[in-house]
Amino acid sequence: MDEKYFAKKIEQKWQRKWADSGAFHAEIDENRPKFFQLEMLPYPSGNLHMGHVRNYSAGDALAWYKRLRGFNVLHPFGWDSFGQPAEDAAVKRGVNPREWTEENIILMRGQLERMGFSYDWRRQMAAHRPEYYKFDQWFFLKMYEMGLAYKRQTQVNWCEHDQATLSNEQASGGLCWRCGNPVTKKDLEQWFLRTTAYTDQLLDDMADIADGWPQNVLKRQSDWIGRSEGAFVEFRVSGSEFRVKGDELSLVKVFTTRIDTIYGANAVVIAPEHPVIQAHRASFSTHLIARIDAIIAENLKPKDHEVEIEKDGIDTGLKAVNPFSGEDLPVWVGNYVMMDYGTGAVMSVPAHDERDFEFAKRFDLPIQTVIEPQINADGHGSDEAFTEYGVLVDSGEWTGKTSDVAKREMTAHAAANGFGEAATTYRLRDWGISRQRFWGSPIPIVYCDKCGVVPEKFENLPILLPENAPITGTGESPLAKVPEFYETTCPNCDEPAKRETDTMDTFVDSSWYYFRYTDAANEILPFDPQKAAYWTPVDQYIGGDDHAIMHLIYARFWTKVLRDLGLVKFDEPFKRLLTQGMVVGETFFDDERGKRVYYVPGNVTVTRDAKGKITGVVSTNGKPLKYAIERMSKSKGNGVDPDEMVDIYGADAARLFVMFAAPIENELVWNEAGIEGAVRFLQRVWRLVYKWQEAVSGKQLAVSGQEASASARKLRQKTHQTIKRVGDSFDSLQFNTPVAALMELSNAIGDFGAEPENADENYIFAIREALTSLTLMLTPFAPHTAEELFAMLVGNEEGMLAHGARFPEYNEELAKTDEIEIPVQVNGKLRSRVMASPETPNEELEKMALADEKVREYTDGREIVKVIVVPKRLVNIVIKN
RNA sequence: GCCGAGGUGGCGAAAUUGGUAGACGCACUAGUCUUAGGAACUAGCGUCGAAAGACGUGCGAGUUCGAGUCUCGCCCUCGGCACCA
């Protein structure tokens, strides 16, 4: 053994040993409990960044912990390798997307291996390989059979910058999720997956995972699905001059969650795209048509959400009858009513809805109060809408009833009279998966002049991407320019036909990849249901919370489809989810010429005020700079290269530090200095083992707890207390606190100060227990170092898993301290401390406290009102002042 | 605007869930050893104070023997959503 700790030597040695022995290969074993540890798969950009390192370090720590707890652990890795950047590289540098992607995978896998993550690489999947995307197509055909995949003409979210269509999730906020540019609309024939067939399940099954998922992720998903319960109510369009044939066009159906406010409706407001407009267009004035078209055009413009959109609209001149009151209401077009939510029409109740209130104020429409607060308080003036529940007024036969009751009764009334019904609407839309892109899984559909839209035959899968296609980054799919690809024959009639040239959204790949790990080489099925039944569902999933909505909703949807296909027997794919915070870096830049120029942190001088706040940043040449904390990336000049970290400090130190530096769910501001602390700690442990190695290794030691020296007993206490703390931390997914506990233990081992030469057998036993426990508990954070130390302590070279090593066993008896410090307070203020055995009875503690010299300074001559004794905790003496 | 999370030393953070606030680490200060050290070790390190002690977990109130933790009101920061009827 070297006296000094050489990270590189140890790390290379154990990485080779693990690979050679297949240490992390997982096989089905019915006799052992399984644990499926999964981290979100990365896009193979070619560079590992610290965000990845943080994610995989946490996952690897849990994988190791579970192995040491005796679990059969599946810990796989794969690549989300279809997608935009490969095409960007093709456009910019003329590279072949396939070659570029494969090269990146090799590069990144090398980086991951140098970090020493414990993956079963035999199960590696990559979305862009035909053996994987074949089953994207397989699933598509299954969903087509089930009626879950369909095509329709639609206005899609379109990103002009990326020349790509986007799902609602990807266009949320009106900005492209990838490039951040504004999203516009475009008409296209698109393929959809019917996620809305599962809205209720997606919502209701959250109850099953409520314990294991972060609250805020569940909340965001349920907001996104946006179920709202209310009623449809039909308003008949009146006014003879506008009457048209066909009942459906003379009706405007509105959706409302507040049918109890219907007597306060002052208008029916419809979306500018509403079919009623089309039906009546011929009778509209040119001015009216121009205004409506202007509103449509305005709505299509990208929206800046910082600025509130001003209400706009126009009276169509049409009238609609309120079926409850019989009143004739004007029909308005409003820019705030959206065609794709609810029915595209609302009843406007300005007294009780903020938007309607604003609209009515803008256009001088009447405002009629029909709900009053239940508890008499005439506080609601005319300057705002009263949107709470209350008691109805001026509402016909429902006057005097509460909102709750009225809602129920009025809905029933509408249904009974045929002008309405209870209804639920959702915000969630079907998932548009068509992309006019090359680097994705081709949609297995053929268009035949004779047979129409024909699904491919299963035996023809995979529909292979061509080797080459003219990738320009714009316009229609590159596949539409490759006749060898799109010219085919109809699977139905064998006549010449054309293939679909759209490819699938890459979120399709990540919706089911974790199942593929259970049976990665299957050529017939996406996976063998029996193998999946052993390994899935995923026990622990770890990734960034930027995927809280899109990826996680799609994956949950996909799992429900798998269940309905009979491939799995559960509803939810991920039992537990951990969302880790971003790794961010300090960025220093100047903004001259509108272009950001970045500076490396070392080349700047930072001045701080007395409170530590940064007051100014100056570059070495004296130029004042701007300062920001931003997500790490190479282009921003604040990136850290994991390879460089490994080179300088070692993989173990980098991993240990990234786990220790902050709670996993917090944002982590990368600070290079901290990592040296991790190196120091590993060196300290190394020196301890080096010092004691000879004394403790390979010896049979007889222990007799009774006669053991105080220091030996104390060391065992600390060891067992640490075992408890570290185990509990892992079980509650904390990674920073167990590292602190291990540091404390190593400090304690050092502090006892005995030397191997003069230590007795009991002490050596205690030291061996402490060092072995410390080593085993260190494994999840610093596996290479731990393997090496374990080999030294136990005298084997086969690796701790092959050796059958287990997480140290906690012994409550040994963890008990024989004397504890009991703080003594007088009137809640700490005045003294007394030493006592934890078993000391309360009366005894009270006596000791009252007798304490320091305490008596405060109590002498005062009346003692009472004494509170909390066993093992404290004594508080209450005196009269 | 709505929803969510959070405000603890110079910094990252702990705190057995109502019981010694600041564990552990970074940075810093002094010292030991050393030819040297960006090594190791020792000591110190919330604020004020010579000390005794007082004060101290965003601000203000409250409950309690006792509050970082519970309740109410306010301020601030970060994240998400955004005319969803």
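OP1 or OP2 of rG25(B) sits under 4.0 Å from a side-chain N or O of Arg684(A). The shortest distance between the side-chain N/O atoms of Asn736(A) and the OP1/OP2 oxygens of rA14(B) is below 4.0 Å. Not one side-chain nitrogen or oxygen of Lys219(A) sits closer than 4.0 Å to the OP1 or OP2 atom of rA5(B). Look at Arg227(A) and you won't find any side-chain N or O under 4.0 angstrom from OP1 or OP2 of rA85(B). For Asn747(A) and rG25(B), the shortest distance from a side-chain N or O to OP1 or OP2 is below 4.0 Å. Taking side-chain N and O atoms only, Arg427(A) has no distance below 4.0 Å to OP1 or OP2 of rA85(B). Side-chain N/O atoms of Arg873(A) include none lying less than 4.0 angstrom from OP1 or OP2 on rU16(B).
For Asp356(A) and Tyr336(A), the side-chain atoms include at least one donor-acceptor pair closer than 3.5 Å. Counted by atom type alone, Tyr858(A) and Lys829(A) present zero donor-acceptor pairs between their side chains at under 3.5 Å.
The number of heavy atoms from other shown groups lying within 6.0 Å of CD (Glu354(A)) does not exceed 12. Enclosure of atom CZ in Arg856(A) is not indicated, since only 12 or fewer non-hydrogen atoms of other residues, nucleotides or ligands lie within 6.0 angstrom.
At the heavy-atom level, Arg833(A) lies under 4.0 Å from base atoms of the strands shown. Nucleic acid contact class of Val878(A) (heavy atoms, under 4.0 Å, all strands): sugar-phosphate only. Residue Asp545(A) is classed as having no contact, given no heavy-atom separation below 4.0 Å to the nucleic acid. Nucleic acid contact for Val269(A): none, since no nucleic acid atom lies under 4.0 Å from a heavy atom of the residue. Within the 4.0 angstrom heavy-atom criterion, no nucleotide atom of any strand lies near Gly226(A). Within the 4.0 angstrom heavy-atom criterion, no nucleotide atom of any strand lies near Glu358(A). If you check every strand for non-hydrogen atoms under 4.0 Å, Met338(A) touches a base.
The side chain of Arg429(A) approaches rC84(B) more closely than any other nucleotide in the set rU20(B), rA27(B), rC84(B). Relative to the side chain of Thr256(A), the nucleotides rG25(B), rA85(B), rC84(B) differ in distance, and rA85(B) lies closest. Nearest to the side chain of Gln825(A), among rA85(B), rC83(B), rG19(B), sits rG19(B). When the nucleotides rA14(B), rC83(B), rC65(B) are ranked by their closest atom to the side chain of Arg355(A), rC83(B) comes out on top. Distances from the side chain of Ala662(A) to the nucleotides rG12(B), rA23(B), rU16(B) place rG12(B) closest. Side-chain atoms of Ser228(A) lie closest to rA85(B) of the nucleotides rG25(B), rA85(B), rA14(B). The side chain of Asn216(A) approaches rG4(B) more closely than any other nucleotide in the set rA13(B), rC84(B), rG4(B). Minimum atom distance to the side chain of Arg220(A) is reached by rG80(B), of the listed rA14(B), rC65(B), rG80(B). Closest to the side chain of Glu744(A), from the set rC26(B), rG66(B), rC24(B), is rC24(B). When distances are taken from the side chain of Tyr341(A) to each of rA40(B), rG19(B), rC84(B), the shortest belongs to rC84(B).
Using Watson-Crick or G-U wobble geometry with both donor-acceptor distances under 3.5 Å, rU34(B) finds no partner in any strand shown. Taking a pair to require two hydrogen-bonding distances under 3.5 Å in either a Watson-Crick or a G-U wobble arrangement, rC74(B) pairs with rG58(B). Across all strands shown, rU64(B) remains unpaired; no Watson-Crick or G-U wobble contact has both distances below 3.5 Å. Using the Watson-Crick or G-U wobble rule with both distances under 3.5 Å, rG53(B) pairs with rC48(B). The pairing partner recorded for rU8(B) is none, the criterion being a Watson-Crick or G-U wobble arrangement whose two distances lie under 3.5 angstrom. Nucleotide rA21(B) is matched to nothing when pairs are restricted to Watson-Crick or G-U wobble geometry with both distances under 3.5 angstrom. Applying the Watson-Crick and G-U wobble criteria (two distances, each under 3.5 Å), rA82(B) pairs with nothing in any strand.
Comparing rG53(B) with rG62(B), their P atoms are spaced 29 Å from each other, to the whole Å. Going from the P atom of rG9(B) to that of rG56(B) covers 14 Å, rounded to whole Å. The P atoms of rA5(B) and rC70(B) are separated by 12 Å, rounded to the nearest whole Å. When the P atom is compared between rU71(B) and rG19(B), the two are found 15 Å apart, to the nearest whole Å. Comparing rA40(B) with rC26(B), their P atoms sit 10 Å apart, to the nearest whole Å. For rA14(B) and rA82(B), the C1' atoms lie 38 Å apart once the distance is rounded to whole Å. When the C1' atom is compared between rG18(B) and rU64(B), the two are found 9 Å apart, to the nearest whole Å. When the C1' atom is used for both rG10(B) and rG44(B), the distance is 16 Å, rounded to whole Å.
Between Asn876(A) and Ala741(A), the residue anchored closer to the 5' end of RNA chain B is Ala741(A), taking for each the nucleotide with the nearest heavy atom. Mapping Lys866(A) and Lys311(A) onto RNA chain B via the closest heavy atom, the residue that lands nearer the 5' end is Lys866(A).
Between Tyr341(A) and Phe255(A), the ring-plane angle classifies as perpendicular under the 30° and 60° cut-offs.
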For Arg362(A) and Glu310(A), what are the C-alpha separation, side-chain angles and deciding distance, and is it a salt bridge (Lys or Arg N to Asp or Glu O under 4.0 Å)? CA-CA 9 Å; Arg362(A) 172 94 161 76; Glu310(A) 207 170 310; 3.6 Å; yes
In sequence, state the C-alpha distance, the side-chain angles, and the governing distance for Glu812(A) and Lys724(A), and then conclude on salt bridge (Lys or Arg N to Asp or Glu O under 4.0 Å).
CA-CA 9 Å; Glu812(A) 202 181 340; Lys724(A) 174 95 169 88; over 6 Å; no
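Of the charged side-chain nitrogens involved, at least one lies within less than 4.0 Å of a carboxylate oxygen, so that Arg227(A) and Asp200(A) count as a salt-bridged pair.
In rU35(B) the O4'-C1'-N dihedral to the base is more than 90° from 0, which defines an anti nucleotide. Nucleotide rG7(B) carries an anti base; the chi torsion (O4'-C1'-N9-C4 or O4'-C1'-N1-C2) is more than 90° from 0.
Tested against Ser832(A) for a side-chain contact (heavy atoms from CB on, under 4.5 Å), the candidates Val875(A), Asp852(A), Ile822(A), Val826(A) yield a single pass: Asp852(A).
Tyr426(A) has its ring centre no less than 6.0 Å from the ring centre of Trp224(A). In this structure, Phe419(A) has its ring center under 6.0 Å from that of Phe324(A).
For the pair Ile820(A) CD1 and rG19(B) P, the interatomic distance rounds to 15 Å; values are reported in whole Å.
Legend: ring-ring contact (aromatic ring centres under 6.0 Å, His included) pairs involving residues 721-743 of chain A, not counting sequence neighbours, sorted by first then second residue: Tyr65(A)-Phe730(A), Phe730(A)-Phe781(A).
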Anything under 3.5 Å between a protein N or O and an N or O of nucleotides 48-53 of chain B, put it in a table, one pair a line.
none

